[in-house]
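Notes follow the structure.
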Protein chains: 2
Amino acid sequence: MDVRTAAADTGTKARTRRAILDAAVTVLTADPAASLADIAAAAGVGRTTVHRYFPERADLTTALQQMGWEHVVQATRRARLTEGTGAEGLDRLCQEYFELGNVLMLVFNYSAPDGDVTWECDPDNQSVLDLITRGHHDGSIDPTLTGPWIRDILWALLYAAWQQSRTGVASRHQALDSCLRALHKVVAP
Amino acid sequence: MDVRTAAADTGTKARTRRAILDAAVTVLTADPAASLADIAAAAGVGRTTVHRYFPERADLTTALQQMGWEHVVQATRRARLTEGTGAEGLDRLCQEYFELGNVLMLVFNYSAPDGDVTWECDPDNQSVLDLITRGHHDGSIDPTLTGPWIRDILWALLYAAWQQSRTGVASRHQALDSCLRALHKVVAP
DNA sequence: CCGGTGTGGAACATCGATGTTCCACTATCG
DNA sequence: CGATAGTGGAACATCGATGTTCCACACCGG
């Protein structure tokens, strides 16, 4: 057990931890003020178990933030921002982010109250800004729109699209399609 | 005093009530989980006084929602949605909404947790949808984008723009300008 | 079978927010 | 000047969430 402790990603403990984190994502996106009891119930575990993995509430939210940003980073990598034109990369990024679903919403919502350092804690913020700059130069992105503003538009559109999908106003595919078309029209020169 | 009781909009009580509501908007947009003590301090009144005007927290949030939507309704009226093309009306609506500032953010944020009936509680929701439909017909708004989706894009862009302005990334005027240009490009056929 | 591991639940202490009561202070108006 | 309205603050009770402790149960590998 000693050797496996560090890398026990498939053990019982790791599975329980994942279950708690997943449930927390779902519950907290629906109600950011949900209690630990709610999260425990949603995860199908006892409240005691939650405290066993995350002694304090802050430990859970920290782990959530960390996991959320990791997902964002992975999605950014999958989007292969350095390939093709700037607009094409932005398109892929939008698709990848959309697939994150609730996780994206959580990162989006939880960043605001903590402070205004939202984007500084995103390790891939610079990659995205660089992508937009490249788009400015290759003529695929309107140069009158600044990098940060386009980044914020991307997130805002994703938020709106996900809400549409979540409330059943539109199907998941329709929401993504609308989002991509809107983004495409905004960034076009 | 008997006669004035109902219409005492300028009296001491009315001013205190306004001060509490205004402070609540500011404080709750910054931190939705702020305590009544925080709001009282921001309003420059005692916590007792807050309870005197709003016996329970729910009474305060209800009054806030009501006031917020009233502001939205007034802004909608000022935008004169029935004049000019659909796109022009949408432009004016965006400007008016932007001026609402924190109030808009509060309505935007507080609607989500309460339930998914966000738009149904907006008395002017139908006016906006009608405006977009008119834009579809007069050729000023892309008919492939549905009414609800454009409405959501409007709010999402306003949210992003206001954040930019609030965090000092862009000036108030720059943020509004960026927002209007983005909106214009999105809705253009 | 038995010992360790992971878990659930009950019980308890604590803490912050909330809501209530009461009293003193101040300003304004008749 | 005196009455009244409006306010602030202290004190208190309450409630829900949180965090902790302890014990019993189930499962699984040696």
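Convention: sequence-line order gives letters A, B, ...; per-chain numbering from 1.
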Close N or O pairs between protein and nucleotides 12-18 of chain C (under 3.5 Å):
unit_1: C:dT18; atom_1: OP1; unit_2: B:R57; atom_2: NE; d: 2.5
unit_1: C:dT18; atom_1: OP1; unit_2: B:R57; atom_2: NH2; d: 3.3
unit_1: C:dT18; atom_1: OP2; unit_2: B:L36; atom_2: N; d: 2.8

Modelled atom types, side-chain donor and acceptor of B:D130 and B:T133, under 3.5 Å: no
I would like to know whether A:R151 and A:N125 meet side-chain hydrogen bond (donor to acceptor under 3.5 Å, both in side chains); could you show each step before the answer? CA-CA 9 Å; A:R151 177 203 56 201; A:N125 181 36; 3.1 Å; yes
*Is the backbone N or O of B:L81 less than 3.5 Å from a side-chain atom of B:R134, with the two atoms forming a donor-acceptor pair by type?*
yes
Residues 80-96 of chain A vs side-chain hydrogen bond (donor to acceptor under 3.5 Å, both in side chains), sequence neighbours excluded, gives A:R78-A:E96, A:R80-A:E83
Stepwise, does the salt bridge (Lys or Arg N to Asp or Glu O under 4.0 Å) test hold for B:D142 with A:K185? CA-CA 11 Å; B:D142 186 345; A:K185 290 175 71 173; 2.7 Å; yes
Protein heavy-atom contacts under 4.0 Å, written 5' to 3' over nucleotides 22-30 of chain D as B (base), S (sugar-phosphate only) or - (none), form the string ---------
Open item on the list: Main chain of A:L145, side chain of A:H136: is a donor-acceptor contact present, judged purely on distance under 3.5 Å?
Closed with: yes
side-chain hydrogen bond (donor to acceptor under 3.5 Å, both in side chains) pairs touching residues 44-64 of chain B, sequence neighbours excluded, are none
Per ring-ring contact (aromatic ring centres under 6.0 Å, His included), A:F98 is matched among A:W162, A:Y159, A:W155 by A:W162
Could you please spell out the steps behind the side-chain contact (heavy atoms from CB on, under 4.5 Å) verdict for B:I20 and B:L60? CA-CA 9 Å; B:I20 294 173; B:L60 175 59; 4.3 Å; yes
**Study point:** Candidate pair A:E99 and A:R172, rule side-chain contact (heavy atoms from CB on, under 4.5 Å), full reasoning
**Key:** CA-CA 10 Å; A:E99 295 301 322; A:R172 187 183 169 93; 3.0 Å; yes
- Task: Following the transitive rule for hydrophobic clusters with a side-chain heavy-atom cut-off under 4.5 Å over Ile, Leu, Val, Met, Phe, Trp and Tyr, establish whether A:F108 and A:L129 coincide in one cluster.
- Result: no
Query raised in the report: Do B:D152 and A:Q163 have side-chain N/O donor and acceptor atoms under 3.5 Å apart?
Result: no
Taking only nitrogen or oxygen atoms into account, show me every contact under 3.5 Å that the protein makes with nucleotides 25-27 of chain C, one pair per line with its distance.
none

Regarding the side chain of B:T12, the nearest nucleotide among C:dG6, C:dT7, D:dT7 is D:dT7
Winner on side-chain proximity to A:Y53, out of C:dG6, D:dT7, C:dG8, is C:dG6
Distance-only, no hydrogens or angles: does the A:D22 side chain make a donor-acceptor pair with backbone N or O of A:A19 under 3.5 Å? no
Angle separating the five-pair end axes of the helix from C:dC1-D:dG30 to C:dG30-D:dC1, nearest 10°, is 10°
note: B:I20, atom CD1; D:dG8, atom C1'; distance rounded to Å ~ 13 Å
